[in-house]
J.: 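This structure is in structure tokens; I'll ask about it shortly.
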Amino acid sequence: MSKRVALVLGSGGARGYAHIGVIEELEARGYEIACIAGCSMGAVIGGIYAAGKLKEYSDWTQSLDYLDVLRLLDVSFRLGAIRGEKVFGRIREIVGEIDIENLSIPFTAVATDLTNQQEIWFQEGCLHQAMRASAAIPSLFTPVVQGKRMLVDGGLLNPLPIVPVVSAHCDLIIAVNLNATGQAHYQLPVIERPPALKGRFDQLMSGLGARLPSFRRKADDDSDILLLEDRSHEVLEAPNPWIDEADPAEQQPAAAPETAGAPKSASGSRVADLAGPASLLELINQSFEVMQTSLAQYKIAGYPPDILVNVPKRVCRFFEFYKAPELIMLGRQIASDTLDKYENNER
């Protein structure tokens, strides 16, 4: 008799594709997924699975190359770098219009209400809106406004939502943590891709960061004050990655930070030589991931799952959504190893 599983899918940007591999491995071994709770990309994958459309979604994501992903990035100049209408519009086409209460299995999507500073569980209502709100990664995707509430990624408060499935009384709670550390023996599988297109993708992501304010240091005195400088013109003036045919390796990245020896800005300041993220976009998201890693450990300690599948956060950057094939393979490999250990201990 197959074991009934309550599946918890955590947040982690593009690493969320690993959830697909985990689900594939669970099904291949005969486990019955009886309910799902998800956050951010975990909510997207979990919702699509509960709607019975994971195969179609997986086939679509694995067919995307760099240019396909670039075409899905509808750049925004408001409260996020990307509106997300193209991406979630395609997901809506795959899944269709369906309410959570009409799914084949119970499903919970976790989002964060910034207005009231609280965690929100979507367990009924429009599935599409629930997934979109849960996956509104701050600084990357624009928030979802619902009445007087502004909803963003649930990972701000609960990157691994175990509590919603505790009452399901399944045989096992299996949680997939996308922010694991100390998993050095796992490497992302290598799939060759055209280097020129990869350069253009990285160039555009740098450009998105450049449209946000960037750090600069006052140069007219000896103070150590960091200021913010609006550099939105740089992404507008940067070469179009769809049109420009030059080799990206020979181009200056759109968001390349100026060095201390570079020309001064209009205000007379030079951009500081800062270690780490090259743009505010990356700085915010790296900070977000550090916070999620810590919060996930608290959630695991508070409600330890029966099986914990740890996907190392170092395997890819949060925005590398063109790596679906590699991440799905990795997710399946890690799930296989984890389930082997569990099943061997059960004997």
Side-chain angles (χ1 to χ4, degrees), residues 5 7-74 82-109 122 125-137 141 144 174 176 178 189 191 193 309 311 316 319-336:
V5 169
L7 186 60
V8 180
L9 304 178
S11 63
R15 291 190 300 279
Y17 286 134
H19 291 317
I20 298 175
V22 174
I23 291 173
E24 289 177 349
E25 186 63 22
L26 287 171
E27 290 190 324
R29 291 177 182 241
Y31 290 88
E32 177 193 350
I33 299 174
C35 70
I36 296 180
C39 176
S40 194
M41 270 294 281
V44 173
I45 302 300
I48 293 172
Y49 175 79
K53 298 294 184 179
L54 189 61
K55 176 65 165 59
E56 292 87 338
Y57 176 77
S58 177
D59 290 344
W60 172 62
T61 58
Q62 293 187 74
S63 72
L64 300 176
D65 61 20
Y66 295 115
L67 284 181
D68 294 325
V69 174
L70 286 173
R71 293 187 183 102
L72 289 169
L73 302 184
D74 43 1
I82 300 167
R83 287 192 298 273
E85 297 304 319
K86 291 183 179 180
V87 174
F88 283 95
R90 182 69 181 107
I91 292 174
R92 188 192 292 269
E93 291 175 9
I94 293 171
V95 174
E97 298 292 341
I98 186 170
D99 289 335
I100 295 173
E101 56 266 34
N102 295 326
L103 296 173
S104 59
I105 59 175
F107 171 71
T108 303
F122 286 95
C126 176
L127 173 64
H128 180 81
Q129 187 175 47
M131 294 190 298
R132 176 66 179 85
S134 182
I137 303 172
F141 287 106
V144 171
I174 298 180
V176 185
L178 301 179
I191 295 179
R193 299 175 186 274
V309 180
V311 178
C316 79
F319 57 76
E320 293 180 317
F321 288 96
Y322 54 86
K323 291 186 175 180
E326 295 96 325
L327 288 159
I328 292 172
M329 290 173 60
L330 180 66
R332 185 151 191 175
Q333 177 190 353
I334 296 174
S336 177

J.: Hey, could you give me the CD1/CD1 distance between I100 and I105, rounded to the nearest 0.5 Å?
T.: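 Reported value, rounded in 0.5 Å steps: 12.0 Å.
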J.: Under the 3.5 angstrom rule, does the side chain of T61 hit a backbone N or O of S58 as a donor-acceptor pair?
T.: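 Yes.
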J.: Would a distance-only check, ignoring hydrogens and angles, find a side-chain to backbone donor-acceptor pair under 3.5 Å from H128 to G89?
T.: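 Between the backbone of G89 and the side chain of H128 there is no qualifying donor-acceptor contact (under 3.5 Å).
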J.: Specify the closest pair of heavy atoms between V95 and A51, including all atoms of both residues, with the distance to one decimal.
T.: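 Residues V95 and A51, closest heavy atoms: CG1-CB, 3.7 Å.
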J.: Is the side chain of R132 donor-acceptor paired with the backbone N or O of E85 at a distance under 3.5 Å, no angle test?
T.: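 No; zero donor-acceptor contacts below 3.5 Å.
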J.: How long is the straight-line distance from NE2 of H19 back to CD1 of I328, given to the nearest 0.5 Å?
T.: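 Going from the CD1 atom of I328 to the NE2 atom of H19 covers 12.0 Å.
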J.: Where do L327 and C316 come nearest, in terms of heavy atoms and distance?
T.: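 Result for this residue pair: CD1-SG, 3.9 Å.
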J.: For residues I36 and F107, determine if any side-chain heavy atom of one lies less than 4.5 Å from a side-chain heavy atom of the other.
T.: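 When only atoms from C-beta onward are counted, F107 and I36 do touch, with a gap below 4.5 Å.
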J.: For a quick test of reading the model, state the closest non-hydrogen atom pair linking G38 to S134 and the distance between them.
T.: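 Reported closest heavy-atom pair: O-OG, 4.1 Å.
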J.: Test Y17 against every option in E326, M41, Q62 by the side chain to side chain contact (heavy atoms under 4.5 Å, CB included) rule and name the one that passes.
T.: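 In the set E326, M41, Q62, the residue that makes a side chain to side chain contact (heavy atoms under 4.5 Å, CB included) with Y17 is M41.
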J.: List the steps, then state whether salt bridge (charged side-chain N to carboxylate O under 4.0 Å, His left out) holds for E320 with K323.
T.: CA-CA 6 Å; E320 293 180 317; K323 291 186 175 180; 3.3 Å; yes
J.: State, with a plain yes or no, whether a side-chain heavy atom of I20 is found less than 4.5 Å away from one of Y49.
T.: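 When only atoms from C-beta onward are counted, Y49 and I20 do not touch, as no gap falls below 4.5 Å.
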J.: Is S104 reaching over with its side chain to a backbone N or O of A50, donor-acceptor style, under 3.5 angstrom?
T.: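 A pair under 3.5 Å: yes.
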J.: Hey, does the side chain of S40 reach the backbone of A135 with a donor-acceptor pair shorter than 3.5 angstrom?
T.: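 It does not hold such a pair.
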J.: Which pair of non-hydrogen atoms, one from V44 and one from Y57, has the smallest distance, and what is that distance?
T.: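 Result for this residue pair: CG1-OH, 4.3 Å.
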J.: Any chance you could lay out the side chain to side chain contact (heavy atoms under 4.5 Å, CB included) test for V22 and E25, step after step, and finish with the verdict?
T.: CA-CA 5 Å; V22 174; E25 186 63 22; 5.9 Å; no
J.: Just verifying a value: how many Å separate I45 CD1 and M131 CE, rounded to the nearest 0.5 Å?
T.: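 I45 CD1 to M131 CE: 9.5 Å, rounded to 0.5 Å.
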J.: Hey, is the main chain of G125 close enough, under 3.5 Å, to the side chain of E101 for a donor-acceptor pair?
T.: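 Yes, because the side chain of E101 sits within donor-acceptor range (under 3.5 Å) of the backbone of G125.
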J.: How long is the gap from CD on Q129 to CG on D99, to the nearest 0.5 Å?
T.: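 Between atom CD of Q129 and atom CG of D99 there are 10.5 Å.
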J.: Grab the two heavy atoms, one from F122 and one from A133, that are nearest each other, plus how far apart they are.
T.: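 In terms of heavy atoms, the two residues are closest at CE1-CB, 4.1 Å.
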J.: Using a 4.5 Å cut-off on heavy atoms from C-beta on, say whether the side chain of R15 contacts that of L330.
T.: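 No, their side chains stay 4.5 Å or more apart.
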J.: About how many Å separate CD1 of I33 and CD1 of I174, when rounded to the nearest 0.5 Å?
T.: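 Answer for the CD1-CD1 pair, I174 versus I33, is 8.0 Å.
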J.: Atom CG in L26, atom CZ in R332: separation rounded to 0.5 Å?
T.: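 Here the interatomic distance stands at 9.5 Å.
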